[in-house]
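Below: one structure, written as structure tokens.
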Protein chains: 2
Amino acid sequence: MAGGISLKELAAELKLAPSTVSRALNDSYEISEATKKKVISMAEKLNYHANPFARSLRENKSKTIAVIIPERINSFFAQVVDGIEEIAQEQGYHLLIYNTHEDLEREQKIVNLLLNGRADAIAMSVTSQTSDVSHLQKLHDRGLPVIFFDRIRSEIPTTKFITNDYESAFEATKHLIQQGCKNITLLTLGKDLSISKERQRGYNDAIKSEGWELDPSMTLYCSHEEERNVELIEELLLSSNRPDGILASVEKLAFATYLAVKRTKLRIPSDLKLISFSNTSIAGILNPSLTTITQPAMSIGNECANLLIKKLTKPKQYELIDQVITIPSKLTIRESTLVE
Amino acid sequence: MAGGISLKELAAELKLAPSTVSRALNDSYEISEATKKKVISMAEKLNYHANPFARSLRENKSKTIAVIIPERINSFFAQVVDGIEEIAQEQGYHLLIYNTHEDLEREQKIVNLLLNGRADAIAMSVTSQTSDVSHLQKLHDRGLPVIFFDRIRSEIPTTKFITNDYESAFEATKHLIQQGCKNITLLTLGKDLSISKERQRGYNDAIKSEGWELDPSMTLYCSHEEERNVELIEELLLSSNRPDGILASVEKLAFATYLAVKRTKLRIPSDLKLISFSNTSIAGILNPSLTTITQPAMSIGNECANLLIKKLTKPKQYELIDQVITIPSKLTIRESTLVE
DNA sequence: CAATATTTCGAAATCGATTCCGCATTTTCT
DNA sequence: AGAAAATGCGGAATCGATTTCGAAATATTG
């Protein structure tokens with residue numbers, strides 16, 4: 001009972017029926033201006049605030065969007081959420097945010113929780129461990145508007161927002177080649193991950209476009225343990241056919257690479273050139289500064305929120321068509337891929 | 001209408017009264033095991049999920065905690081939220097998260113929205129612009145459990161979690177002095193901010209403890225525009241009595257310093273030593289690596305969530321006493337403050 | 001065996017806002 | 001002026017789950 005009066009009490013105070021007060025507050029045409037003014041001023045005076053649960057129960061909607069991300073300490077996801085929140089706040093929506101920590105089980109639990117309708121819609125990016133999608137299917141079957149961003153699952157027929165992963169990875173690899181790399185390693189995450197697959201394809205095609213042979217051992221699948229990744233990369237750098245170029249498919253693998261390089265006698269970019277998908281604002285102050293493929297995180301967030309809210313506001317008019325919408329990334333060349 | 005049956009429909013299917021079904025699902029002692037089993041299995045079969053709004057309306061609680069932070073792309077706040085979420089998830093609580101973007105007006109709007117009880121409790125860190133606290137006072141007056149972390153307001157009589165800002169700033173300044181700095185600048189944020197004041201005190205006392213005179217012009221108040229800060233710092237570094245040591249009271253000011261230094265001919269740490277309050281995981285891969293005061297972000301988040309949930313669960317037993325709980329930070333010395 | 005407990009369950013009220021339906025007044029039109 | 005329409009508002013049902021208050025049905029006890 002966090003203080004606060006109900007509509008009924010407010011109505012009693014005004015000697016009006018609750019229905020009248022409700023209509024007055026909702027600016028209904030059937031209430032006279034005089035009454036509306038009286039009601040509104042009394043509501044302010046008594047500090048009346050409508051109970052959101054009563055309203056949600058009645059209207060069967062909560063003005064809440066759930067956002068599920070695999071990690072919070074990641075500039076890309078943080079920016080996407082900022083992008084979603086920007087639109088949501090404008091439109092009076094609230095954000096329930098969940099972090100799966102790249103854990104499929106947590107993802108399943110969270111998704112199951114959302115099955116009860118606590119949120120009107122969901123925007124999510126799946127875990128790198130997400131192989132089974134039955135929990136996502138259930139969500140969609142329930143009729144809950146769900147959209148995916150970045151890490152998507154094509155099995156679920158809905159709208160997805162991604163960046164041009166294939167082209168960006170292709171371009172990034174090509175860039176490394178142009179800068180003289182002959183032996184390029186791709187650092188990536190789970191094999192089931194949409195972005196992994198696409199970025200891998202881009203990398204593969206870039207390699208093949210040079211007439212080079214594709215060496216599967218040059219793709220390094222990393223884990224989610226920071227230290228383990230550093231070890232893996234260090235090992236790679238100390239191996240006989242160590243790479244002279246690395247494409248990191250996510251930011252943290254680039255950071256791990258910096259750490260691994262520190263443990264060796266190698267230097268970036270003379271011994272090893274590095275490029276990474278990353279949205280960190282400090283790419284420029286790393287030393288050497290990091291060449292990045294910057295994803296349009298904010299735009300992706302904006303688009304997700306816009307589409308979901310349109311769908312919620314005008315359900316008949318907007319459909320979450322089964323399509324993938326691509327917003328291109330931007331390559332920013334910095335010192336880590338310079339030819340010295 | 002996101003598919004899904006109601007308790008009444010479930011009851012009808014079972015030829016039982018809604019009350020019985022409700023009790024069965026809530027494992028009430030007055031329901032026989034046989035009935036419970038029947039109910040539960042039917043509930044699963046029909047994919048029944050309790051409507052959270054009906055429940056919230058009835059119970060007058062939402063199992064939701066609101067978290068308000070001034071910025072999302074900040075490793076400290078991201079970690080605090082992770083810390084809060086960790087406990088919240090365990091206890092079945094949901095998180096509504098709001099970003100004020102350091103804007104007082106937004107903070108007021110959000111706080112006013114929360115006045116309606118959408119969340120059972122609030123954990124927040126105020127904006128650096130927050131001078132007037134009447135909106136926060138209103139929250140507290142309503143009886144809504146509110147606690148502050150990091151950036152607190154002592155005017156509101158509730159529990160606050162911070163780190164040892166004074167001691168850490170003192171220690172950091174002393175460290176710079178020990179490393180040979182004679183002219184130390186403090187980079188800080190809004191004058192009204194609790195952490196600014198405390199860190200300033202720590203800095204001041206460290207300077208005075210050397211018998212040095214305190215030069216007000218050596219405290220630089222920064223803004224929230226990245227580029228503007230870089231310009232301010234660059235200007236500082238080019239001035240006649242440029243500092244040979246900098247204590248950045250927040251992470252982004254350290255980053256701005258790296259950028260500013262890049263624009264000059266100065267070098268860290270030979271010309272300028274730098275230490276910063278920061279929780280970034282990549283302090284180690286900056287070049288030179290950054291000496292940091294790492295705040296116990298995760299613990300702060302954990303404590304906030306624990307206390308709030310205890311207060312929500314056993315309101316009589318736990319009070320949000322007007323006190324400040326301090327969890328110490330940790331100094332990690334890296335290259336940016338090394339004597340060469 | 002009667003009387004008392006105990007177990008198990010149902011009917012109905014409740015939380016607070018919205019809305020369908022209906023009833024007075026008042027205004028407008030022919 | 002009488003009928004039709006518009007205006008302004010109240011009563012009560014509704015959303016879905018919980019819970020109070022009882023009432024059966026069964027079990028226990030003297």
Side-chain angles (χ1 to χ4, degrees), chain A residues 1-40 42-43 46-64 92 113 115-120 142, chain B residues 1-40 42-43 46-64 92 113 115-120 142:
Chain A
M1 71 164 57
I5 67 170
S6 71
L7 184 72
K8 208 184 293 180
E9 297 171 291
L10 176 57
E13 198 67 38
L14 285 156
K15 296 191 201 308
L16 285 173
S19 47
T20 304
V21 176
S22 171
R23 276 185 280 243
L25 291 172
N26 290 311
D27 202 27
S28 160
Y29 69 96
E30 15 182 14
I31 303 296
S32 71
E33 288 304 321
T35 312
K36 279 185 193 171
K37 284 217 176 82
K38 257 185 279 182
V39 170
I40 290 172
M42 180 63 83
L46 300 184
N47 233 285
Y48 168 78
H49 292 270
N51 182 313
F53 308 119
R55 179 173 287 161
S56 290
L57 175 59
R58 178 65 213 240
E59 312 223 295
N60 202 31
K61 62 183 182 193
S62 58
K63 295 222 99 186
T64 299
L113 277 179
L115 238 35
N116 64 12
R118 183 176 286 268
D120 295 339
R142 273 240 157 184
Chain B
M1 73 163 53
I5 66 171
S6 71
L7 184 72
K8 207 183 294 181
E9 297 171 291
L10 176 58
E13 197 68 37
L14 284 157
K15 293 191 203 310
L16 284 173
S19 47
T20 305
V21 177
S22 170
R23 279 185 277 244
L25 291 173
N26 290 311
D27 201 29
S28 160
Y29 68 96
E30 19 183 10
I31 302 296
S32 71
E33 287 306 320
T35 315
K36 279 184 193 172
K37 284 219 177 82
K38 256 186 280 181
V39 171
I40 291 171
M42 180 62 84
L46 299 185
N47 232 284
Y48 168 79
H49 291 269
N51 182 312
F53 308 119
R55 179 173 287 159
S56 290
L57 175 59
R58 178 64 213 237
E59 312 225 295
N60 201 32
K61 62 184 183 193
S62 58
K63 295 223 100 185
T64 299
L113 277 178
L115 238 34
N116 64 12
R118 183 176 287 269
D120 295 340
R142 273 241 157 184

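We name chains A, B, ... by the order of the sequence lines, and we start the count at 1 in each one. This one's a predicted model, so the numbers in the text were calculated from it and none came from an experiment.
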Which part of the nucleic acid does B:Ser19 contact within heavy-atom distance under 4.0 Å: base, sugar-phosphate only, or nothing?
base
Of the options D:dG10, C:dG10, C:dG16, whose atoms approach the side-chain atoms of A:Leu16 most closely?
D:dG10
Could you tell me whether B:Ser56 contacts a base, only the sugar-phosphate backbone, or nothing, with contacts defined as non-hydrogen atoms closer than 4.0 Å?
nothing
Comparing B:Glu30 with B:Arg58, nearest DNA chain C nucleotide closer to 5' gives the residue B:Glu30
Can you figure out which of D:dG16, D:dA17, D:dG10 approaches the side chain of A:Leu57 most closely?
D:dG16
Would you say A:Lys63 has more than 12 foreign heavy atoms packed within less than 6.0 Å of its NZ?
yes
Residue B:Lys36 excluded, over 12 heavy atoms near NZ under 6.0 Å
yes
For B:Leu7 and D:dT18, what is the distance between atoms CG and P respectively, to the nearest whole Å?
7 Å
Qualifying salt bridge (charged side-chain N to carboxylate O under 4.0 Å, His left out) pairs with a residue from residues 9-24 of chain A, counting only residues at least two apart or across chains
A:Arg23-A:Glu30
Below 3.5 Å, does any donor atom in the side chain of B:Arg23 face an acceptor in the base of C:dT7, or the other way round?
no
Phosphate OP1/OP2 of C:dA17: any A:Tyr48 side-chain N/O under 4.0 Å
yes
Heavy atoms under 4.0 Å, any strand shown: does B:Ser22 hit a base, just sugar-phosphate, or nothing?
base
May I ask you to evaluate whether A:Ser32 reaches the phosphate of D:dT7, defined as a side-chain N or O under 4.0 Å from OP1 or OP2?
no
B:Arg142 versus B:Leu115: any side-chain heavy-atom pair under 4.5 Å?
yes
Nearest to the side chain of A:Asn51, heavy atoms from C-beta on, is which of C:dC15, C:dA17, C:dT18?
C:dA17
Selected nucleotide, minimal atom distance to A:Ala17 side chain, candidates C:dT8, D:dG16, D:dG11:
D:dG11
Given D:dA17, C:dT18, C:dC9, which nucleotide is nearest the side-chain atoms of B:Ala54?
D:dA17
